[in-house]
Amino acid sequence: MSGVQDWMLDFAEYVRELLPEELAEPFLALARPAIRLSIAEKGATTVGRLGGLPRLPEGMPWPRAGDGGPAMQFLAELDCVALAAYESDIDLPAEGTLLFFATWDCTAAQVVPLPPGAVRVPEREVPLRGEARVFPEVPLAAVTEPSWPDLGHPAVLDAFGSLDAARELVWDRMVYADAENLDDEDPDIGDGGETFAWELELYDQRRKRPGPQHQVGGYSDALQSPVETAAASAAGLRPDDPGFAAEASQWVNLLQLDEDNGMIFGDGGILIFGIRRDRLAARDFSQVFPYVQGH
């Protein structure tokens with residue numbers, strides 16, 4: 001298995017045990033590295049934080065929704081230099097800091113990039129009132145792990161030609177994680193098998209670290225629709241429009257925040273900061289797409 005990245009080794013072995021080569025390889029080609037974030041234990045390397053005060057530079061106004069709208073809540077900070085030590089599938093800045101803000105209802109969001117060496121004010125008056133609040137400050141640690149698309153993701157359509165084909169050939173395929181469950185005559189049918197989709201769920205549950213699932217890059221959690229298709233729809237396109245798939249493919253998950261540290265996003269949901277690849281490459285964070293997925 002030479003040439004397989006460290007983050008991919010265990011996942012690739014697992015998938016190849018369950019699927020024949022002609023299906024395993026196109027599925028594995030869909031995998032993307034994601035930086036999983038969790039509350040850092042004492043002594044761990046940190047890559048950012050949740051909550052606290054944003055410590056904006058002198059003269060930089062506190063982000064607000066629209067022109068003079070309500071002040072946004074500060075949610076997270078990412079240290080781009082620290083994150084550069086972890087592989088992901090998105091073109092993050094190699095230096096500087098990213099600050100993430102959103103309104104209490106997550107209908108508006110802003111990402112503030114700070115260049116390296118920016119002089120930041122430790123304390124300043126917090127212009128928050130009403131629904132907004134300041135969350136406790138906690139450090140974040142990171143690890144690179146594999147992520148894969150849900151069945152409805154546009155990348156699946158590209159890989160298998162149609163969602164029906166992907167469902168029949170891969171997601172609904174009966175597989176066996178234990179060789180003792182194999183039927184001697186036909187390894188694809190018999191008692192004791194589960195669908196490949198279910199085995200993926202079990203794998204995900206086993207490798208997940210305790211606590212909320214924060215993430216940079218990779219496939220975000222799609223409780224309903226993927227952020228990519230939601231962003232394309234928000235741009236005014238319909239799924240049957242010729243440019244829908246192309247527009248969806250331009251969007252990536254910059255940061256996914258799970259409910260944690262007093263932050264609540266809808267009904268047990270997650271908040272995703274989506275951004276177009278071209279804007280990320282240009283370091284233009286002025287038009288992020290806030291997307292909440294709830295249960």
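Count residues from 1 along the sequence.
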Ring geometry between F11 and Y203 (parallel below 30°, tilted from 30 to 60°, perpendicular above 60°):
tilted

Using side-chain heavy atoms (C-beta onward) and a distance below 4.5 Å, is P57 in contact with V121?
no

Would the distance check show the side chain of Q110 and the main-chain N or O of A102 forming a donor-acceptor pair, the cut-off being under 3.5 Å?
no

Between the side chains of W7 and E87, is a donor N or O closer than 3.5 angstrom to an acceptor N or O?
yes

Does V170 reach the side chain of R173, with side-chain heavy atoms less than 4.5 Å apart?
no

Go through it in stages, so that I can follow the logic: the residues are M72 and R64, the test is side-chain contact (heavy atoms from CB on, under 4.5 Å), and I'd like the CA-CA distance, side-chain angles, deciding distance and then a yes or no.
CA-CA 5 Å; M72 296 186 182; R64 293 180 176 274; 5.7 Å; no

Indicate whether the side chain of Q215 and that of R36 have a donor and an acceptor atom separated by less than 3.5 Å.
yes

When Y219 is tested against each of H153, E228, R32 for side chain to side chain donor-acceptor pair (under 3.5 Å), which residue passes?
R32

For Q250 and D278, which I'm curious about, is there any donor-acceptor pair between the side chains at under 3.5 Å?
no

Go through it in stages, so that I can follow the logic: the residues are F27 and F196, the test is ring-ring contact (aromatic ring centres under 6.0 Å, His included), and I'd like the CA-CA distance, side-chain angles, deciding distance and then a yes or no.
CA-CA 11 Å; F27 180 81; F196 178 69; 5.1 Å; yes

Nearest atoms (heavy-atom pairs only) where M174 meets T195:
SD-CG2, 3.9 Å

Is it the case that the side chains of S162 and D164 hold a donor-acceptor pair, with the cut-off being a distance below 3.5 Å and no angle test?
no

So, do D79 and T46 sit near enough that their side-chain heavy atoms are less than 4.5 Å apart?
no

4.5 Å side-chain heavy-atom contact, L254 and V111
yes

Does any non-hydrogen side-chain atom of E77 lie less than 4.5 Å from one of T97?
yes

